[in-house]
Amino acid sequence: MKRRQFLASSGLAMAGGLSGLSLLPRRAEASPLSLVIQPARYALEGAVTEGMVSLSPDGPPPVLRLRRGETFVAEVTNTLEDYTAMHWHGLRVPNVMDGVPYLTQVPMGPGDSYRYEFTPQDAGTFWYHPHCNTMAQMARGLTGVLIVEDDEDPGFDLDLPVNLRDWRLGDDSQFIDLFTARGAARAGTHGTVMTANWQQEPVYDAPAGGLVRLRLVATDTTRIYRVQLPGAEGQIIAVDGHPVEEDVPMPTEGAPLILGPGQRADIALRIPGQEGAELVVLNEQPGRARTLLTLRATGADRGRALDELRPLSANPIAMPDLSQAETIEFVFGWSPEQSSENNGFCGTLGYTFWSINRTAWPGDASGTGPLAVLERGKTYVLRLRNESPNDHPIHLHGLLFMPLASNQRYVPANWTDTAMLLEQEVMDVVLVADNPGDWAFHCHVIEHQKSGLTGYLRVT
Ligand code: C2O
Ligand code: CU
Ligand code: CU
């Protein structure tokens with residue numbers, strides 16, 4: 001609900017006196033955003049791809065822009081023939097709004113609706129996606145960017161959200177197998193067509209000499225992006241939704257910016273002053289770099305400088321108390337046996353390959369019992385131990401955590417909801433368990449999540 005609408009509705013309630021108040025409770029006055037999960041078709045390349053999933057019949061899921069402190073209400077309706085539920089990745093919402101089937105809500109069957117309502121407390125770059133039938137629905141399109149605006153405009157000339165994702169299409173532009181068993185047991189099954197905002201190598205006009213906020217959002221089910229910005233003058237101002245507390249260097253030759261599935265980077269860029277000059281965003285891949293998108297300088301030189309930008313709004317994050325912290329270890333590895341229980345409502349890959357603490361957990365609907373029970377308000381160190389030869393972007397719902405140390409590399413101390421855990425890496429992260437509920441905890445390579453690498457933490 002917009003502030004303006006809220007003022008109007010509370011005015012109405014007051015005019016009606018006390019009886020008016022009871023007849024017009026505030027919530028009934030909110031005009032919810034209606035989001036309809038539906039089949040879609042769209043030309044990602046030559047021919048139109050059928051069998052996509054979006055929030056409109058013929059285009060990508062919209063960028064949702066929310067304001068901090070203003071209640072967001074969305075009536076989400078499912079018109080698919082399968083179950084679904086919507087999750088707001090990275091947002092610290094009340095548990096019942098988190099969209100995890102059976103853990104926080106009953107999933108929506110065909111024709112069902114669910115009313116999501118929450119008030120964002122953090123400004124930054126987030127995203128949304130289903131948490132039921134994730135493989136089928138995300139791979140077919142249902143991943144969108146969600147922005148919570150800063151309280152004060154930092155002063156950019158252009159704000160450009162970029163939804164990075166791939167598609168598994170055959171020569172006829174139609175979907176092929178969304179995953180393979182071989183991929184699921186290793187690094188995941190990569191797409192065949194790479195896009196930014198559902199376009200291949202789009203070119204965006206940007207004011208010459210102006211300042212752009214590039215919001216890169218890795219929503220692919222598998223790909224770990226290795227971003228390069230050759231020759232760019234810029235600064236990474238936020239990672240995974242939160243302003244950086246410790247500098248993250250701009251990518252350089254041999255040291256790309258790594259963005260695993262679920263991760264985000266907000267980059268302040270200064271566009272070259274000369275009209276027509278181009279700034280290319282690349283993904284490093286074996287053999288050659290691929291263009292993700294291009295920014296082209298247009299118009300007269302605005303002569304802006306990066307240091308003109310105002311700082312991003314700080315987010316209210318509880319300070320951990322390391323002196324009191326308890327350490328809990330989680331081991332991510334192979335699945336010991338085909339032990340996944342799957343209730344069948346949210347889709348199964350038909351295999352279990354992965355495990356947390358040597359138990360393979362069932363897919364989207366997070367299983368039988370919590371991996372750990374955390375006491376509300378206390379500080380915990382989670383020791384994330386990767387006993388596998390693959391990388392895993394480890395994501396936790398509802399809470400924020402910060403890396404402390406790794407056995408392999410220096411990890412900057414920045415708040416996140418998704419940490420890249422490299423092969424064989426052991427990383428300690430710290431959090432304050434300040435949001436009660438059952439919070440899903442999983443790898444964001446969807447094939448890993450769906451074949452065992454998922455569970456949940458309980459905050460009581
Ligand atoms: Cu981005 Cu459990 O989700
Ligand atoms: Cu999430
Ligand atoms: Cu994984």
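When a residue number appears, it is its place in the shown sequence, counting from 1. Atoms within a ligand are numbered from 1 in the order they appear, just like the ligands themselves.
- Using modelled atom types and a 3.5 Å distance limit, the side chains of Q228 and E284 yield a donor-acceptor pair.
- Backbone or side-chain N, O or S atoms of H442 reach atom 2 (Cu) of ligand 1 at under 2.8 Å.
- You'll find the ring centres of H442 and H397 inside the 6.0 Å limit.
- With atom 1 (Cu) of ligand 1 as the vertex, NE2 of H129 and NE2 of H444 span 110° to the nearest 10°.
- Note on H397: not counted as a metal contact of atom 1 (Cu) of ligand 1, no N/O/S atom lying under 2.8 Å.
- A distance-only check finds a donor-acceptor pair linking the side chain of Y380 to the backbone of E375 [under 3.5 Å].
- H444 lies apart from the Cu ion (ligand 2) in this respect, since none of its N, O or S atoms is found at a distance under 2.8 Å.
- The 12-atom threshold is not exceeded at CZ of R41, counting heavy atoms of other residues, nucleotides or ligands nearer than 6.0 Å.
- In summary, an N, O or S atom of H87 is located under 2.8 Å from the Cu ion (ligand 2).
- Distances from atom 1 (Cu) of ligand 1 to each N, O or S atom of H89 single out ND1 as the nearest.
- Counting backbone and side-chain atoms alike, H131 contributes an N/O/S atom closer than 2.8 Å to atom 2 (Cu) of ligand 1.
- Proximity of a side-chain donor or acceptor of R67 to a complementary backbone N or O of E149 within less than 3.5 Å is not detected.
- Ring geometry for W127 versus H444: interplanar angle of 30 to 60°, hence tilted.
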